[in-house]
J.: 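Can you keep this structure in mind? I'll have questions shortly.
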2 protein chains.
Amino acid sequence: MQGQEILPAIAAHLLDSARANGGKAPSERHLAEHFSVSRGQVREALAILESMQVIERRAKSGIYVNTDNSGFEAMAFFARAGIPLESRQIYEAVEVRKIHEIKAAELAAVRATEEDFERLQDVLERSEQRIAAGEGIDALDQEFHLQIVRATQNTLFLSICTSFYELGRQRLKVYFRDPDRNRKSHEEHKQIYDALVKRDSALTSALMVSHLRGVMSYWTELLEPQAPGS
Amino acid sequence: MQGQEILPAIAAHLLDSARANGGKAPSERHLAEHFSVSRGQVREALAILESMQVIERRAKSGIYVNTDNSGFEAMAFFARAGIPLESRQIYEAVEVRKIHEIKAAELAAVRATEEDFERLQDVLERSEQRIAAGEGIDALDQEFHLQIVRATQNTLFLSICTSFYELGRQRLKVYFRDPDRNRKSHEEHKQIYDALVKRDSALTSALMVSHLRGVMSYWTELLEPQAPGS
DNA sequence: TGCAGCAATCTGGTCTAACCAGAATTTGTT
DNA sequence: AACAAATTCTGGTTAGACCAGATTGCTGCA
């Protein structure tokens, strides 16, 4: 656990402790000893966690964990750190991601540059190769979708969507173990690409809607229902 | 500058220094002396800034500022800290905010609870009072819009949208100095509310589209054009 | 003059030790 | 049992030190 990023470890530890202790987390000194680092190290991690509103540091009292945390920053961090989210958070994230991707498809159809098309085509080609080799296209699926967002020419948009992708990485890997799913997904990607090239916003976003329906339902189907609607 | 949050100050200082120095920022020790705090304090702030990808700390070399920063976390922080954004960032933020609000209106029409309606009505009533008193409704405008997002029952959605609001606070204040704009905005809010109560998704989002057109164009009209489109 | 090589300096990274003052808890007394 | 006092604990903050690689500058050789 040396030399690198104790932040995820501390975050996970804090969440566990808080769950078992009613929101209260161990003190800085305890954490420092537990992880065999100095208090300074711990405080740096806590500062970050506080900036994401994962915890609250109350002077001379203690560290309190925001259990009902649904901030975007925190979610993005948890996703990156591989810390599991509550099923409600996943539902919410899936819904928000859907919204973004559909709109991105619509905008990309209008704004995509030649380079964007080239990059997308490159992803499609590599996908074909992997499928031919009998391998999963999970990483390339992600690349394809993010490349579409990038084609909106809105870097903020891209930044937000990127955060959502870390969230689904592991599950995506499982999803793409099935060769049929690989083929189906790839086919849909190609259709989306064609619509994009035709600069048909409506068609592109429509195709994206149905494409996401398949992938996303796999995401949530294992969770206890807790979605707001849709 | 004591007792509280040196983070914004350090962030601003870092940005300035970097601009004048080609990306390189002063050392931790210099910053500590400059702000009359300990190195530990500075390091906490830097850790946060790094977690937002505003800076990069290269071991034994120095602190480098990410000038072409377009991360969501950073944007939200800058907005909160009152640090001015580049016009391109503002354009992007306005576009993304628009997307969110329109979709939020659509979803809220389906999912809003009785309490949501009550809260919205409360905002409308207070708006009326303020207008009658000849005061600006800038804060209430914000409340109204966020309340709609809240009515989607998606807390992650709300978290993202909240970040966008800090961004427009000051400009909104200026905008609502004009009594006509107050009245017009309030009227449109009432129409949106009515559509919401009727649970008419299409109408609600359509009204939101035209409502935002007015407000948002004010946002960007002073900037040099740099938008991706639309 | 030009450049290679070495030495001093600077930098982020990390740690131990200490003090403060208020919060939280324990103890002691009535 | 209830209240008050003493003690422990906590986050907040600082000062000083050491490490080792990166950077810079100087020096002397060619």
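Just the heavy atoms: all of them, side chains too, but no hydrogens, waters or symmetry mates, feed the values below. Throughout, protein chains are lettered first and strands after them, A, B, ... in sequence-line order, and every chain is numbered starting at 1.
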J.: Less than 4.0 Å between a side-chain N and a carboxylate O, is that true for E106(A) and K103(B)?
T.: no

J.: Salt bridge or not for R130(B) and E143(B), using N-O below 4.0 Å?
T.: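 Looking at R130(B) and E143(B), the cut-off is not met.
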
J.: Does dT16(C) have a Watson-Crick or wobble mate here (both distances under 3.5 Å), and if so which one?
T.: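 Checking every strand shown, dT16(C) finds no partner, since no pair has both distances under 3.5 Å.
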
J.: Taking the ring of F72(B) and the ring of F77(B), is the distance between their centroids below 6.0 Å?
T.: no

J.: What nitrogen or oxygen pairs link the protein and nucleotides 9-13 of chain C at under 3.5 Å?
T.:
| residue | atom | partner | partner atom | Å |
| --- | --- | --- | --- | --- |
| dG12(C) | OP2 | E28(B) | N | 3.0 |
| dG12(C) | O4' | K60(B) | N | 3.1 |
| dG12(C) | N7 | R29(B) | NH1 | 2.9 |
| dG12(C) | O6 | R29(B) | NH2 | 3.1 |
| dG13(C) | OP2 | R43(B) | NH1 | 2.9 |
| dG13(C) | OP2 | R43(B) | NH2 | 3.3 |
| dG13(C) | N7 | R39(B) | NH2 | 2.8 |
| dG13(C) | O6 | R39(B) | NH1 | 3.1 |

J.: Does the pair R119(B)/D116(B) count as a salt bridge with the N-to-O cut at 4.0 Å?
T.: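 Counted as a salt bridge, because a side-chain N and a carboxylate O are separated by less than 4.0 Å.
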
J.: Expressed in angstrom and rounded to an integer, what is the separation of L31(A) atom CG from dG12(D) atom P?
T.: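 After rounding, the reported distance stands at 13 Å.
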
J.: Scan every strand shown for a Watson-Crick or G-U wobble partner of dA6(D), both distances under 3.5 Å, and answer none if you come up empty.
T.: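 Across all strands, the one nucleotide that pairs with dA6(D) is dT25(C).
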
J.: Name the orientation of the base relative to the sugar in dT16(C): syn if the glycosidic angle is within 90° of 0, else anti.
T.: syn

J.: Is there side-chain contact between V54(A) and N66(A), with at least one heavy-atom pair below 4.5 Å?
T.: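 No - every pair of side-chain heavy atoms lies 4.5 Å or more apart.
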
J.: Can a donor-acceptor pair be found, under 3.5 Å and without considering hydrogens, that links the side chain of E44(A) to the backbone of V42(A)?
T.: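 Flag not set: sc E44(A) to bb V42(A) has no pair under 3.5 Å.
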
